[in-house]
Amino acid sequence: MTERGTMRGGKTRMRRRRRPLPAPEPHLMAHLRTMVWGPAEFVGLPPWWLAAEGLVAGCVGVGAIVGAAVAGAWYGVPGLADGEGGLVCAAALALYLCVVRAGRALVGIVALLGVCLALQAPQAAAGLVLAERGRVESVVVTSVEGGPGAVSGRGRYLCSVADRDGEPLKVRIWRGCGHATRPGDALAVVYDSKGRVPPRGVEAGMSLSGPLRGLGGWAAALIAGCVVAVVRSYRISHTASGPPASPDSPAEP
């Protein structure tokens with residue numbers, strides 16, 4: 001009885017042992033890596049023309065996204081000025097990377113960077129238009145709201161203002177509005193001479209390159225992402241037609 005019990009206990013312990021999971025096949029892991037990050041089938045440095053293609057694609061994408069926002073603000077096209085045109089350009093850039101069969105993760109990163117750039121571009125485009133053709137006028141503060149403890153406004157002070165005729169502006173001004181600003185104070189506001197861009201407070205040292213300077217980081221990241229995605233999409237083309245010949249096949253006469 002003791003011997004039988006020992007054998008039964010041993011069998012029970014063997015049944016309870018978990019079988020080790022089979023290791024993933026190497027070709028499956030390589031396929032997944034190719035789908036996610038791109039094949040990058042080259043040895044050493046990538047071909048120069050491949051890096052140039054990615055650089056051109058990134059520069060064209062950045063130019064299209066920012067250019068659409070600037071054109072919309074300059075000519076008063078709402079769909080472009082609001083960033084919708086930039087989002088379309090970002091989607092077109094992601095579609096191009098899918099066509100060249102870039103890695104899915106890199107396509108997603110480039111698409112995300114393109115969307116961020118398209119959402120940041122409208123404010124920079126409006127500042128560029130105001131710096132180019134804006135005129136500065138003095139307005140009177142009627143009320144001050146916000147501040148560091150405010151829930152909205154990102155902790156900024158927001159001034160409601162009226163022009164010299166007493167007509168209130170539809171937008172509140174935060175540039176030039178601070179904790180020391182009181183109703184009745186005068187603020188400098190820049191207007192678009194054609195009325196296509198909302199007015200905003202005057203910033204010290206406003207220049208043509210200033211509004212676009214904040215987009216430099218997003219643009220550089222988008223271009224770098226395009227270069228990496230295009231470079232890693234390189235595949236060695238197999239031009240062999242038909243199945244390989246068997247060793248027993250007769251040689252060509």
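What you see below is based on every heavy atom in this structure, not just the backbone, and it leaves out hydrogens, waters and symmetry mates.
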How many angstroms lie between atom [atom1] of [X] and atom [atom2] of [Y], to the nearest 0.5 angstrom?
| X | Y | atom1 | atom2 | answer |
| --- | --- | --- | --- | --- |
| Arg175 | Arg156 | CZ | CZ | 7.0 Å |
| Leu87 | Asp82 | CG | CG | 10.5 Å |
| Thr181 | Ile173 | OG1 | CD1 | 12.0 Å |
| Cys59 | Ile223 | SG | CD1 | 4.0 Å |
| Leu158 | Trp174 | CG | CH2 | 10.0 Å |
| Ser233 | Glu53 | OG | CD | 7.0 Å |

Measure from the side-chain N and O atoms of [X] to the backbone N and O of [Y], and report whether any donor-acceptor pair falls under 3.5 Å.
| X | Y | value |
| --- | --- | --- |
| Arg133 | Ala131 | no |
| Asp165 | Glu167 | no |
| Asp185 | Arg182 | yes |
| Thr142 | Ser160 | yes |

How far apart are the closest heavy atoms of [X] and [Y], and which atoms are they?
| X | Y | value |
| --- | --- | --- |
| Val197 | Ala126 | CG1-CB, 3.6 Å |
| Pro122 | Ala81 | CB-O, 3.2 Å |
| Leu215 | Ala124 | CD1-CB, 3.7 Å |
| Ser143 | Pro183 | CA-CG, 4.3 Å |
| Ala68 | Gly86 | CB-N, 4.2 Å |

Do [X] and [Y] come within less than 4.5 Å of each other through their side chains, counting heavy atoms only?
| X | Y | value |
| --- | --- | --- |
| Ile109 | Leu112 | no |
| Leu222 | Leu93 | yes |
| Tyr191 | Leu169 | yes |
| Leu97 | Leu106 | no |
| Asp192 | Pro199 | no |
| Val189 | Val136 | no |
| Pro168 | Val161 | no |
| Ile65 | Trp218 | no |

- What pairs meet the side chain to side chain donor-acceptor pair (under 3.5 Å) rule with one or both residues in residues 61-74, with sequence neighbours excluded? none
- Message: Does Arg200 form a side-chain contact (heavy atoms from CB on, under 4.5 Å) with Gln123? I'd like the steps, not just the answer.
- Response: CA-CA 11 Å; Arg200 62 174 57 175; Gln123 287 295 325; 3.1 Å; yes
- Assign the ring pair Tyr157 / His179 to parallel, tilted or perpendicular, where the plane angle (0 to 90°) is split at 30° and 60°. tilted
- Would Val231 and Val227 satisfy side-chain contact (heavy atoms from CB on, under 4.5 Å), going step by step from the backbone distance to the final call? CA-CA 6 Å; Val231 166; Val227 172; 4.2 Å; yes
[X], [Y]: one ILVMFWY side-chain cluster at the under-4.5 Å cut-off?
| X | Y | answer |
| --- | --- | --- |
| Val60 | Leu80 | no |
| Val190 | Val140 | no |
| Val88 | Val62 | no |
| Val144 | Val171 | yes |
| Trp48 | Val230 | yes |

- Task: Before giving the answer on side-chain contact (heavy atoms from CB on, under 4.5 Å), spell out for Ser138 and Leu187 the whole-Å C-alpha distance, their side-chain angles and the decisive distance to 0.1 Å.
- Result: CA-CA 6 Å; Ser138 179; Leu187 289 181; over 6 Å; no
